[in-house]
Amino acid sequence: MGPSLSKGRNFILTQRLPSIKPFSGIVQDIRARAPFYVSDWTDAWNYRVVPATLLIFFANVLPGIAFSLDLIETTNQYGVSEVLLSSFMAAFVFSVFGAQPLCIAGVTGPITVLNKTIFTILQRQSDPPDYLQFIGWVYLWGAILHWITAALNWCNFLKYVSRFSCDTFGFFVSWVYLQYGVQVITRQFATSTLDGAYVQIILALVMLVTSFMFQRLARTTLFHRHVRRFLDDYGMPISLIACSALAYWGRFNASNPTTLPTSGAFTAANGRSWLVHFWELPGKWVGVAFPFGIILWVLFFFDHNVSSLIAQGSEFPLRKPPGFHYDFFLLGITTFIAGLLGLPAPNGLIPQAPIHTTSLLVMGRPCKDDEEAKQETVTIREAKEAEPSEKHELDPSPARHEVPIAVVEQRVSNLAQGTMCLVLLTGPFLHVLHLIPRGQLESSWFMGADALQGNGVTTKILYLLRDPSLIESKEPLRRVRRSRILLFVTVQLVGFGATFAIVQTIAAIGFPIIILLLIPLRSSIIPLMPFTQEELAIMDRPTASPFTMESVGGSL
């Protein structure tokens with residue numbers, strides 16, 4: 001058995017000393033996490049692992065294919081097999097060897113945008129190089145920068161990352177999910193019959209509505225609390241399977257909707273060899289690949305680390321120490337392997353990473369101290385003694401009184417969902433995957449819309465739209481002037497708009513730079529605006545708890 005969870009906090013708080021010595025961050029990450037390695041496997045003996053595995057599998061695979069579909073059809077260099085193998089590789093490496101197994105890694109929208117833009121730029125050249133060989137060098141340069149970053153402890157710069165940057169980037173990623181969903185649908189009008197395209201739209205909307213219906217039912221007082229938790233855990237997978245089956249019923253089947261493209265079992269696109277001979281790339285293109293490698297490094301430095309931060313956010317009662325430096329070193333390894341095998345490079349996923357942690361939450365009654373218990377007893381007695389017309393209706397729903405009391409911190413759910421991706425590469429399961437209508441890739445709509453619901457930008461916009469007289473008195477934003485909330489949100493929307501606009505152009509190659517600039521914008525420019533310290537503290541806060549941020553030298 002591993003050490004007690006309370007020792008985890010004490011260990012990291014006493015051992016995490018700021019240091020500029022090379023490799024000290026990696027060494028400290030390994031020292032902090034190693035004592036919990038055995039318990040990371042034994043703690044998986046918990047029912048929460050089952051729904052977490054299924055949920056994150058469906059939330060990872062189909063959106064990843066949806067993102068890659070445009071890349072697949074544009075470059076003709078990748079296939080569904082590459083996406084699945086990339087997801088398995090990332091899950092295996094980070095679940096077995098990583099320090100932060102709760103963070104789900106896979107194929108994301110930003111990396112597909114980057115790869116597609118590189119392809120477009122190369123095709124405009126008079127003598128374009130071999131695409132996969134060029135990408136292999138881009139990934140190699142990026143991997144080297146990853147290793148240098150981890151060795152020199154540059155992940156300590158994460159102390160400057162607050163909810164401002166995370167919410168803005170998460171808002172951008174959510175809209176990328178929605179945009180790619182629209183692209184998948186509109187592409188049907190060119191590749192399918194008109195009836196088939198309309199059926200795909202119907203199936204996509206049905207899946208979106210039913211997924212949110214299950215989620216909404218889980219938030220009501222209907223049914224027993226175990227039924228509500230079941231709907232919350234399995235609502236999206238049930239919607240996906242049901243809507244996929246619906247495509248083969250009656251007139252829907254007669255429309256012959258377009259299904260997912262697949263190839264042979266464990267076969268790369270176009271029957272190529274899995275090994276990419278990137279060392280055969282002409283010397284001049286090796287040099288050209290270097291600036292693209294820098295951009296890849298910038299993207300992954302922000303994207304992967306922010307995904308890890310959000311997956312270990314302050315709202316989760318975590319007890320085991322993180323390890324950002326060591327995991328970023330591992331990300332360099334997976335990036336290099338992806339280039340060697342001709343795969344889209346995996347990295348941390350938003351919103352799948354925080355969804356994974358949320359699905360592992362253990363809910364229970366909050367622990368009350370003696371004073372709180374005494375006050376609650378007085379409140380209940382007063383309610384019982386009140387006149388009938390003045391009686392307070394006590395909420396009978398246990399869910400109303402449950403709070404997160406623990407997280408099942410383990411490695412099995414990440415490894416299991418990655419293994420399921422590998423199983424999909426076998427012949428029988430590839431055939432099943434081929435039967436899924438393309439409209440079911442609109443799970444990306446659900447993922448994007450679901451992420452928008454809890455995003456800080458969205459919540460502030462909704463606050464501004466609400467009737468002030470109906471806002472609860474305990475709402476923290478009431479202590480902030482509405483004009484200052486509007487100014488804060490406007491700055492975030494400008495950052496989002498600039499990032500989203502640039503990815504629609506050939507200049508999309510530079511969008512990671514704009515994302516990275518969100519950090520100095522928050523630390524240097526925002527404080528010069530007419531906000532008080534209290535207002536900034538309410539509207540913005542560290543992404544993760546002090547316990548988690550100790551891994552990178554604390555938070556500002």
Side-chain angles (χ1 to χ4, degrees), residues 8-33 98-100 102-103 145-146 148-170 297-316 318 320-331 347-348 350 353-354 357 456 488 491-492 495 512-528 531 533 536-556:
R9 287 182 177 272
N10 295 333
F11 184 92
I12 191 170
L13 290 174
T14 57
Q15 297 295 323
R16 288 291 180 189
L17 300 177
S19 175
I20 59 174
K21 296 168 61 175
F23 298 100
S24 62
I26 297 176
V27 172
Q28 290 177 1
D29 286 340
I30 295 174
R31 290 178 60 195
R33 191 73 193 198
Q100 301 170 129
L102 293 181
C103 182
L145 292 173
H146 280 60
I148 293 174
T149 299
L152 298 182
N153 312 318
W154 286 353
C155 287
N156 285 336
F157 284 104
L158 291 176
K159 69 176 67 175
Y160 297 98
V161 177
S162 66
R163 280 288 178 182
F164 171 87
S165 304
C166 294
D167 286 342
T168 306
F169 180 64
W297 166 71
V298 170
L299 173 62
F300 279 10
F301 180 82
F302 191 90
D303 197 354
H304 184 80
N305 286 314
V306 166
S307 299
S308 298
L309 280 172
I310 297 178
Q312 301 172 101
S314 54
E315 66 272 25
F316 302 120
L318 300 174
K320 297 183 181 181
F324 293 93
H325 307 280
Y326 173 62
D327 273 12
F328 201 67
F329 180 85
L330 289 182
L331 187 66
N347 74 298
I350 299 176
T357 310
F488 192 84
V491 175
Q492 289 184 296
I513 305 298
I514 297 180
I515 293 173
L516 192 65
L517 290 176
L518 292 173
I519 300 177
L521 173 64
R522 171 60 184 92
S523 61
S524 302
I525 306 300
I526 295 293
L528 300 179
F531 301 107
Q533 289 298 319
L536 284 179
I538 293 173
M539 293 187 294
D540 193 20
R541 66 181 190 277
T543 304
S545 67
F547 168 62
T548 300
M549 296 305 293
E550 282 293 331
S551 174
V552 291
S555 57
L556 297 180

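Numbers here simply count residues along the sequence, with the first being 1. Bear in mind the structure is a predicted one, so any value in this text is a computation, not a measurement.
- Among all heavy-atom pairs drawn from T168 and G495, the shortest one is CG2-C, 4.2 Å.
- Nearest approach of D303 to G348, heavy atoms of both residues: OD1-O, 3.6 Å.
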Test side-chain contact (heavy atoms from CB on, under 4.5 Å) applied to H325 and N156, step by step: CA-CA 8 Å; H325 307 280; N156 285 336; 3.3 Å; yes
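- Closest approach of C155 to N305, counting heavy atoms only: SG-ND2, 4.2 Å.
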Does the side-chain contact (heavy atoms from CB on, under 4.5 Å) test come out yes or no for L102 and L318, once each step is laid out? CA-CA 11 Å; L102 293 181; L318 300 174; 3.9 Å; yes
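- Here Q100 pairs with Q312, D327 under the side chain to side chain donor-acceptor pair (under 3.5 Å) rule; sequence neighbours left out.
- Closest approach of L330 to G98, counting heavy atoms only: CD1-CA, 3.5 Å.
- Remark: S307 OG to F300 CZ distance equals 10.5 Å, nearest 0.5 Å.
- You'll find the side chain of T543 stays beyond 4.5 Å of the side chain of M549, heavy atoms only.
- Contact check for T548 versus F324: side-chain heavy atoms found under the 4.5 Å cut-off.
- Rounded to the nearest 0.5 angstrom, R522 CZ and L536 CG are separated by 5.0 Å.
- Ring geometry for H146 against F328 counts as parallel: the plane angle stays under 30°, on a 0 to 90° scale with 60° as the upper cut.
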Checking side-chain contact (heavy atoms from CB on, under 4.5 Å) for the pair R33/Y326: CA distance, chi angles, key distance, verdict? CA-CA 10 Å; R33 191 73 193 198; Y326 173 62; over 6 Å; no
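- Rounding to the nearest 0.5 angstrom, the gap separating the CZ atom in F302 from the CD1 atom in I515 is 7.0 Å.
- Residues F488 and D540 are in side-chain contact: their nearest non-hydrogen atoms beyond the backbone lie under 4.5 Å apart.
- Residues that satisfy the side chain to side chain donor-acceptor pair (under 3.5 Å) test with T149, not counting sequence neighbours, are W297.
- Once rounded to the nearest 0.5 Å, the distance linking CZ of F329 with CG of D29 reads 12.0 Å.
- Scanning all heavy atoms of the two residues, the minimum distance from I310 to E315 falls at O-OE2, 4.5 Å.
- The minimum heavy-atom distance between P527 and S524, with the atom names listed, is CD-C, 3.8 Å.
- Annotation: the span from L521 atom CG to L516 atom CG amounts to 11.5 Å, rounded to 0.5 Å.
- Checked by atom type and distance alone, the side chain of N153 pairs as donor or acceptor with a backbone atom of K21 at under 3.5 Å.
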After noting the C-alpha distance and the side-chain angles of F164 and Q492, does the key distance pass the side-chain contact (heavy atoms from CB on, under 4.5 Å) rule? CA-CA 7 Å; F164 171 87; Q492 289 184 296; 3.4 Å; yes
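- We find the CD1-CG distance between I526 and L518 to be 10.0 Å, quoted to the nearest 0.5 Å.
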